[in-house]
Amino acid sequence: MGTPVTALPREFFARGVLEVARDLLGRVVRHETPEGAVAVRLTEVEAYAGEADPGSHAFRGRTPRTEVMFGPAGHAYVYFSYGMHWCVNLVTGREGTASAVLLRAGEVVEGLELARERRRAARRDADLARGPARLTQALAIAREQGGADVCAGGPLSVLAGEPVPDAAVSWGPRVGVAGAGAPTPWRTWTTGDPTVSAYRAAVPRRPRRS
DNA sequence: CCGGTGATGGACT
DNA sequence: GTCCATCACCGGA
């Protein structure tokens, strides 16, 4: 038979954000749509530590956009980025803490043909979900998945997959977040995996003329 | 391989 | 008005 289809339980997500981030590596995010299912084995994620974290969208408190992050663990916080892209986080910790893990990259392990159709620009399969907005495009995650409960057996779920051993786990700084230089390595990835996104330091925005 | 840059729209000050 | 938790594409080495 094969692949276990049981979603990870809410208790998995209701822990400290760094612990959840590390344990998400190797897990499988699966999204089933009328077109078919695509699943991605996570290779890179990034932790955001709630209201106290200057890099987090929750830093300025509860707003309509960030409301989901303040809710219970195991729900999807989906946000619109740079006027073009969608990115997805999984809410972690106790209700009210607003911590979450950004899904940054993964390897497509189901629905390869469909993922290729959704990601025409990808030159290699390793690029299909290499980067947070590429991952959501491969999985067809957008506004409608905002707030989705990934522990409820719905179309969007996180399957057990195969956890990554400590020896294969790397840690480092966040990508593209202004106010970097934080002492904590918030990003974690599977060492040497070709689907891990390229590291780029946060670049100062170029001045825009009027 | 690498660095530079335009696209594009919503959230927030 | 300013700031983006980004990506694709281009030109140069």
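Chain identifiers are assigned alphabetically (A, B, ...) following the order of the sequence lines, protein sequences preceding nucleic acid strands; residue numbering begins at 1 within each chain.
A distance cut-off of 5.5 Å between ring centres, combined with a plane angle under 30°, places A:Tyr82 in a stacking arrangement with the base of C:dC4.
The separation between A:Glu44 atom CD and C:dA5 atom P is 16 Å, rounded to whole Å. Atom CZ in A:Arg118 sits roughly 17 Å away from atom P in C:dC7 (whole-Å rounding). In this structure, A:Arg124 places its CZ atom 12 Å from P of C:dA8, rounding to the nearest Å. In this structure, the CG atom of A:Asp127 is 8 Å from the P atom of C:dA8, given to the nearest Å. With rounding to whole Å, A:Arg134 atom CZ is found 10 Å from C:dC9 atom P. Taking atom NE2 of A:His57 as the reference point, atom P of B:dA11 lies 11 Å away to the nearest angstrom. As rounded to whole Å, 10 Å separates atom P of C:dC7 from atom CG of A:Leu135. In this structure, A:Phe80 places its CZ atom 13 Å from P of C:dC7, rounding to the nearest Å.
Within 3.5 Å, no donor on the side chain of A:Tyr79 pairs with an acceptor on the base of B:dA11, nor the reverse.
There is a side-chain donor-acceptor pair under 3.5 Å between A:Thr191 and A:Ser170. A:Glu107 and A:Thr195 form no side-chain donor-acceptor contact under 3.5 Å, judged by distance and modelled atom types alone.
C:dA5 is unpaired under the Watson-Crick or G-U wobble criterion, no partner having all donor-acceptor distances under 3.5 Å.
Among the heavy atoms of the strands, none lies under 4.0 Å from A:Arg123.
Taking side-chain N and O atoms only, A:His85 has no distance below 4.0 Å to OP1 or OP2 of C:dC7. Between C:dA8 and A:Arg119, a contact under 4.0 Å exists linking OP1 or OP2 to a side-chain N or O. At least one side-chain nitrogen or oxygen of A:Thr63 sits closer than 4.0 Å to the OP1 or OP2 atom of B:dC12. Contact annotation: A:Arg187 side-chain N/O to C:dA5 OP1/OP2 distance is not under 4.0 Å. At B:dA11, none of the side-chain N or O atoms of A:Arg60 fall inside 4.0 Å of OP1 or OP2 (strictly under the cut-off).
Side-chain atoms of A:Met69 lie closest to C:dA5 of the nucleotides B:dC12, C:dA5, C:dT6.
Note on A:Asp127 versus A:Arg119: no salt bridge recorded, every NZ/NE/NH1/NH2 to OD/OE distance being 4.0 Å or above.
The aromatic ring centres of A:Tyr79 and A:His57 sit less than 6.0 Å apart.
With A:Val40 as reference, A:Leu139 is the one residue of A:Leu139, A:Val109, A:Val28 to meet the side-chain contact (heavy atoms from CB on, under 4.5 Å) rule.
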